[in-house]
Number of protein chains: 2
Amino acid sequence: MSVRVSTRDRVHRAVLELVAEVGVPGLTMEGVAARAGAGKQTIYRTWDSPLHVLLDALLTASQDADGRVEVPDTGDLATDLRVLVDGMVAELTDPPSDAMMRHVVALLPDRPGLGEELQERLLRPQVAAIEARFERAGVAESGPAAELLLGPVFHRWLLRTGPFSEQWIATHVRLVVQALST
Amino acid sequence: MSVRVSTRDRVHRAVLELVAEVGVPGLTMEGVAARAGAGKQTIYRTWDSPLHVLLDALLTASQDADGRVEVPDTGDLATDLRVLVDGMVAELTDPPSDAMMRHVVALLPDRPGLGEELQERLLRPQVAAIEARFERAGVAESGPAAELLLGPVFHRWLLRTGPFSEQWIATHVRLVVQALST
DNA sequence: CGCCAAACGAGACGTAGCGTCTCGTTTGGC
DNA sequence: GCCAAACGAGACGCTACGTCTCGTTTGGCG
């Protein structure tokens, strides 16, 4: 990304403002350029779609915030898993992130590049933290275990079958821990 | 839907042909109308977007095929859950259904009507069948149980983290059954 | 300090799809 | 066999597309 720093920032700000006003389907390259006070060519030089601009803006912001996911270890597996699930739920329910991720996964078959960027810079660290905590607990199948924990969270987020209430998360974590205690 | 039957069929055929050629993002109302030999007004009278046309076409086809999901009961819970998971996997990996569902869930926050139609006519029967089988097995929390079974399947489908191999499904079902055997 | 190439803001350009509309022309139910 | 409702066709102005060509900053190097 060879765009000048100040320009990048203005474009990021513009797309975040616009997505709040018109939603992801309402984003346009011309709109972003105009709001950022930039030429269209400048936008096309670096990004290939409004969704790509939004993805970059959100990932840049989240990276500036923390960068990596800490692996908690209070000794109690259920407690630590809750912390990790809470982090993921926070990400999934933040409105701009929610909308962006939905549209990125929609285009995943057609534009794998977008999905990889999301995967690499946002999801993988979360999954890795969960697997690490399982391994520390002596769980052999940490991969399937992480999927068992995250799957229902994504399912509930994706299909909006119910809220992420205290009680639901507690029940879910309990079932997962039970599945892994041979 | 007051469109004449033969017209509906021609539109359904047209959108299924087109989505295979140009993908969901390439679908347009004008393209569907032209391919179906219909006027644009006729399309707009019944549907409000190309994705809505595709959703209707796929749901109509799948309803004509079977209509409802059978609840298997061989006596072995793991075996029956496999059958139900296999059915869901088949639906999720059929290319046009795959693409359609991704785009519908992407628009779910903006256009809840689309999501409800998908939910009601396709997903709910699957979930109900799984919950019914759990209840027959004496599982108290059949709701969370169904989520535990389906969540990782959707997670793997959505993020494409790995294939639906024999081995993965077997391991996953085993973990779920174990989570529920108090 | 002054230079110069790279990056930039602005916007013109032809194309395509949008959603609405107005035409005649089927078409099917009474 | 009649007549209103539904239809095929396509014109209309509009918006966004992606490419392009302009001058104009701008920042690094001598």
Side-chain angles (χ1 to χ4, degrees), chain A residues 1-57 60 99-100 103-104 106-107 110-114 117, chain B residues 1-57 60 96 99-100 103-104 106-107 110-114:
Chain A
M1 313 243 183
S2 54
V3 171
R4 252 187 294 116
V5 175
S6 62
T7 301
R8 279 176 60 88
D9 287 352
R10 266 159 46 228
V11 171
H12 283 165
R13 266 192 287 273
V15 77
L16 291 174
E17 286 175 25
L18 282 172
V19 77
E21 294 170 17
V22 298
V24 174
L27 289 178
T28 66
M29 290 301 239
E30 298 206 328
V32 170
R35 177 69 63 105
K40 291 169 62 176
Q41 195 66 260
T42 303
I43 310 293
Y44 278 104
R45 227 192 309 273
T46 306
W47 300 277
D48 58 7
S49 67
L51 186 58
H52 190 189
V53 181
L54 177 61
L55 172 67
D56 192 41
T60 299
M100 181 272 291
H103 285 85
V104 168
L107 295 174
D110 308 295
R111 297 173 48 194
L114 272 188
E117 203 165 338
Chain B
M1 314 246 183
S2 53
V3 170
R4 250 185 294 118
V5 174
S6 61
T7 301
R8 278 175 60 89
D9 286 351
R10 274 187 294 127
V11 171
H12 283 165
R13 264 191 288 273
V15 77
L16 290 175
E17 285 174 26
L18 282 172
V19 76
E21 295 170 16
V22 298
V24 174
L27 289 178
T28 66
M29 291 299 240
E30 299 208 328
V32 171
R35 177 69 64 105
K40 291 169 61 175
Q41 196 67 260
T42 303
I43 311 293
Y44 279 103
R45 226 191 312 269
T46 305
W47 301 277
D48 58 6
S49 66
L51 187 57
H52 191 188
V53 181
L54 178 61
L55 173 67
D56 191 41
T60 299
M100 180 273 290
H103 285 85
V104 169
L107 296 175
D110 308 295
R111 297 174 47 195
L114 272 189

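First the proteins, then the strands, lettered A, B, ... as listed; each starts at 1. Quantities reported herein were computed from a predicted structural model and do not represent experimental measurements.
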Please give me the minimum heavy-atom distance between B:A106 and A:A106, naming the atom from each residue.
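B:A106 and A:A106 have their closest heavy atoms at CB-CB, 3.6 Å.
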Closest heavy-atom pair and its distance - A:P50, A:V15
O-CG2, 4.3 Å
If the cut-off is 4.0 Å, is [X] near the phosphate of [N], judged by side-chain N/O to OP1 or OP2?
X     : N     : answer
A:R10 : C:dG9 : yes
B:R45 : D:dA6 : no
B:R35 : D:dG8 : no

Any side-chain heavy-atom pair from B:R13 and B:D9 closer than 4.5 angstrom?
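Yes, side chains in contact.
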Quick one: are B:D56 and B:R8 in side-chain contact, heavy atoms under 4.5 Å?
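With C-beta onward as the side chain, the pair touches.
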Go through the structure and list residues passing salt bridge (charged side-chain N to carboxylate O under 4.0 Å, His left out) with B:D48, not counting sequence neighbours.
B:R111
Trace of the side chain to side chain contact (heavy atoms under 4.5 Å, CB included) decision for A:H12 with A:L54
CA-CA 7 Å; A:H12 283 165; A:L54 177 61; over 6 Å; no
Would you be so kind as to tabulate the donor-acceptor pairs closer than 3.5 Å made by side chains of residues 24-33 of chain B, with sequence neighbours excluded?
residue, atom, partner, partner atom, Å
B:T28, OG1, B:G31, N, 2.8
B:E30, OE2, B:K40, NZ, 2.6

Encoded 5' to 3' (Watson-Crick or G-U under 3.5 Å; [ ] crossing; | other strand), DNA chain D becomes .|||||||||||||||||||||||||||||
Return the CE to CG distance between B:M100 and B:L16, rounded to the nearest 0.5 Å.
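So the CE of B:M100 and the CG of B:L16 are separated by 10.0 Å.
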Spacing of A:H52 atom NE2 and A:L107 atom CG [to the nearest 0.5 Å]:
12.0 Å
Over how many whole Å does the gap from B:L51 atom CG to C:dC18 atom P extend?
13 Å
Measure the distance from CH2 on A:W47 to P on D:dA16 and round it to the nearest whole Å.
19 Å
DNA chain D contacts among residues 36-44 of chain B, heavy-atom distance under 4.0 Å:
B:G37, B:A38, B:G39, B:K40, B:T42
Go through D:dA6, D:dC17, C:dC8 for me and flag the one nearest to the A:P50 side chain.
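Between D:dA6, D:dC17, C:dC8, the one nearest the side chain of A:P50 would be D:dC17.
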Heavy-atom contacts under 4.0 Å between residues 17-32 of chain A and DNA chain C, which residues?
none
Residue pairs passing the salt bridge (charged side-chain N to carboxylate O under 4.0 Å, His left out) test with at least one member in residues 15-24 of chain B, sequence neighbours excluded, are B:E17-B:R35, B:E21-B:R35
